[in-house]
Enquirer: 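I'd like to ask some things about the structure below.
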Amino acid sequence: MRSYKLLTPILTGLLLSANSFAQTTSKYNFNRAPLKPGAYVQLPLGSIKAKGWLLKQLELQKEGFTGHAEELYPGNNDLGSNSDWLGGTGNGWEKVPYYVKGLTALAYTLNDTELKAKASKWITYTLEHQQENGLFGPPKMKDWWPRMPFMYAAQSYYEATNDARVVPFLSKYFKYELANLDTDP
């Protein structure tokens, strides 16, 4: 058994338990005994509200590239409606996952309804179209990597929404990954 076969379930458990814990407590209580207290912990998306200069930068991002990326890159191989990440014939590889990762973070940091709807379109489609075996994303895409930033986006989305579909989605994918890494490393 390769060492990474153990790593995936461990990381999955840590990721999901930390997020679940943060979502169900009113106080952040990380690194309980016997762990040493940590001064730096990742807070759930949306728990920090931007003000001043940072808020202005985030608003500029919304009014600029991130808020208009789908208009700027409408092609099949980009962020258009025929993207393979939406079931179309395009070949977007990692463009969509990186876009959705940033879009989700921006949407929930700003608490912006319009950006949330844009992010939800991509996340919802992917959550609802996971293959029976656990694989998600474009079926013809055989690369592991583009799914990683999408899972990051799904994690952020879960932190912000507590959407009950995300944990089973990730668990099912990690089981798929564990079953297939040896034959397709």
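Just so it is clear, the structure is predicted and the values come from calculations on it, not from any experiment. For this chain, numbers begin at 1 and follow the sequence in order.
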Enquirer: May I ask you to check whether over 12 heavy atoms, not counting those of Lys49, lie within 6.0 Å of atom NZ?
Expert: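 Result for NZ/Lys49: enclosed.
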Enquirer: Contact between Lys116 and Thr161 at the side-chain level, heavy atoms closer than 4.5 Å - yes or no?
Expert: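 In short, these two side chains do not touch, never coming nearer than 4.5 Å.
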Enquirer: With a 4.5 Å heavy-atom cut-off, do Leu110 and Leu55 have their side chains touching?
Expert: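 Yes, side chains in contact.
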Enquirer: Does the pair Lys142/Asp184 count as a salt bridge with the N-to-O cut at 4.0 Å?
Expert: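 No, this pair does not count.
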Enquirer: Would you mind reporting whether Met151 and Lys101 have side-chain heavy atoms less than 4.5 Å apart?
Expert: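 Of all side-chain heavy-atom pairs linking Met151 with Lys101, none is under 4.5 Å.
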Enquirer: Just verifying a value: how many Å separate Lys118 NZ and Thr104 OG1, rounded to the nearest 0.5 Å?
Expert: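 The OG1 atom of Thr104 is 12.5 Å from NZ of Lys118, to the nearest 0.5 Å.
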Enquirer: How long is the gap from CG on Leu43 to CD1 on Ile48, to the nearest 0.5 Å?
Expert: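 Here the rounded value is 5.0 Å.
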Enquirer: Using side-chain contact (heavy atoms from CB on, under 4.5 Å), reason through Tyr99 and Asp78 one step at a time and then give a plain yes or no.
Expert: CA-CA 10 Å; Tyr99 166 64; Asp78 294 311; over 6 Å; no
Enquirer: For the hydrophobic clusters of this structure (ILVMFWY residues joined by side-chain heavy atoms under 4.5 Å, transitively), does one cluster hold both Leu60 and Leu54?
Expert: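 No, no single cluster joins them.
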Enquirer: Atom CH2 of Trp145 and atom CH2 of Trp93: how far apart are they, to the nearest 0.5 Å?
Expert: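 The CH2 atom of Trp145 sits 9.0 Å away from the CH2 atom of Trp93.
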Enquirer: Over all heavy atoms of both residues, which pair between Tyr157 and Asp163 is shortest? Give the atoms and the distance, please.
Expert: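 The pair with the smallest heavy-atom distance is OH-OD2, 3.1 Å.
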Enquirer: Are Pro97 and Trp85 close enough that some pair of their side-chain heavy atoms sits under 4.5 Å apart?
Expert: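 The answer is yes; the side chains approach within 4.5 Å.
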Enquirer: Once side chain to side chain contact (heavy atoms under 4.5 Å, CB included) is applied, do any residues pair with Trp53, and if so which ones, sequence neighbours excluded?
Expert: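 Trp53 satisfies side chain to side chain contact (heavy atoms under 4.5 Å, CB included) with Gln57 only.
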Enquirer: For Phe136, what residues pass the ring pair (Phe, Tyr, Trp, His ring centres under 6.0 Å) criterion, not counting sequence neighbours?
Expert: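 So Phe136 forms a ring pair (Phe, Tyr, Trp, His ring centres under 6.0 Å) with Phe150, Phe169, Tyr173.
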Enquirer: Is the shortest side-chain heavy-atom distance between Thr109 and Leu45 below 4.5 Å?
Expert: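 Yes. Closest side-chain heavy atoms under 4.5 Å.
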Enquirer: Looking only at non-hydrogen atoms, find the nearest pair between Lys62 and Asp112 and report the distance.
Expert: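 Looking at all heavy atoms of both residues, the shortest contact is NZ-OD2, 2.7 Å.
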Enquirer: Linking I/L/V/M/F/W/Y whenever their side-chain heavy atoms sit closer than 4.5 Å, directly or via other members, would Leu170 and Tyr152 fall into one cluster?
Expert: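 No, Leu170 does not connect to Tyr152 through the hydrophobic network.
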Enquirer: Only counting residues at least two apart or in another chain, list the ones meeting ring pair (Phe, Tyr, Trp, His ring centres under 6.0 Å) with Tyr73.
Expert: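 With sequence neighbours excluded, Tyr73 shows a ring pair (Phe, Tyr, Trp, His ring centres under 6.0 Å) to Phe65, given in chain and number order.
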Enquirer: Considering all heavy atoms of both residues, which atom of Arg147 and which atom of Gly137 are nearest to each other, and what is their separation?
Expert: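 It is NH2-C, 4.5 Å.
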Enquirer: Nearest 0.5 Å, what's the CG-CD distance between Leu103 and Gln61?
Expert: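 CD of Gln61 is found 9.5 Å from CG of Leu103.
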Enquirer: If I take atom OG1 from residue Thr126 and atom CZ from residue Arg165, how far apart are they, to the nearest 0.5 angstrom?
Expert: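 That separation rounds to 10.0 Å.
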Enquirer: Enter the distance from Asn77:CG to Ser83:OG here, rounded to the nearest 0.5 Å.
Expert: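 Going from CG on Asn77 over to OG on Ser83, the span is 8.5 Å.
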Enquirer: Please determine whether the number of non-hydrogen atoms from other residues, nucleotides or ligands lying under 6.0 Å from atom CD of Glu71 exceeds 12.
Expert: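 Yes, the 6.0 Å shell around CD holds more than 12 heavy atoms from other groups.
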Enquirer: Does any non-hydrogen side-chain atom of Glu70 lie less than 4.5 Å from one of Trp122?
Expert: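 Of all side-chain heavy-atom pairs linking Glu70 with Trp122, at least one is under 4.5 Å.
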Enquirer: Under 3.5 Å, side chain of Asn82 to main-chain N/O of Thr89, donor-acceptor pair present?
Expert: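 Yes, Asn82 side chain to Thr89 backbone: donor-acceptor pair under 3.5 Å.
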Enquirer: Taking all heavy atoms of Pro146 and all of Pro149, pick out the closest pair and write down the distance.
Expert: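 Closest approach of Pro146 to Pro149: O-CD, 3.3 Å.
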Enquirer: Any side-chain heavy atom of Leu86 sitting closer than 4.5 Å to one from Lys121?
Expert: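 Answer yes - side chains close enough.
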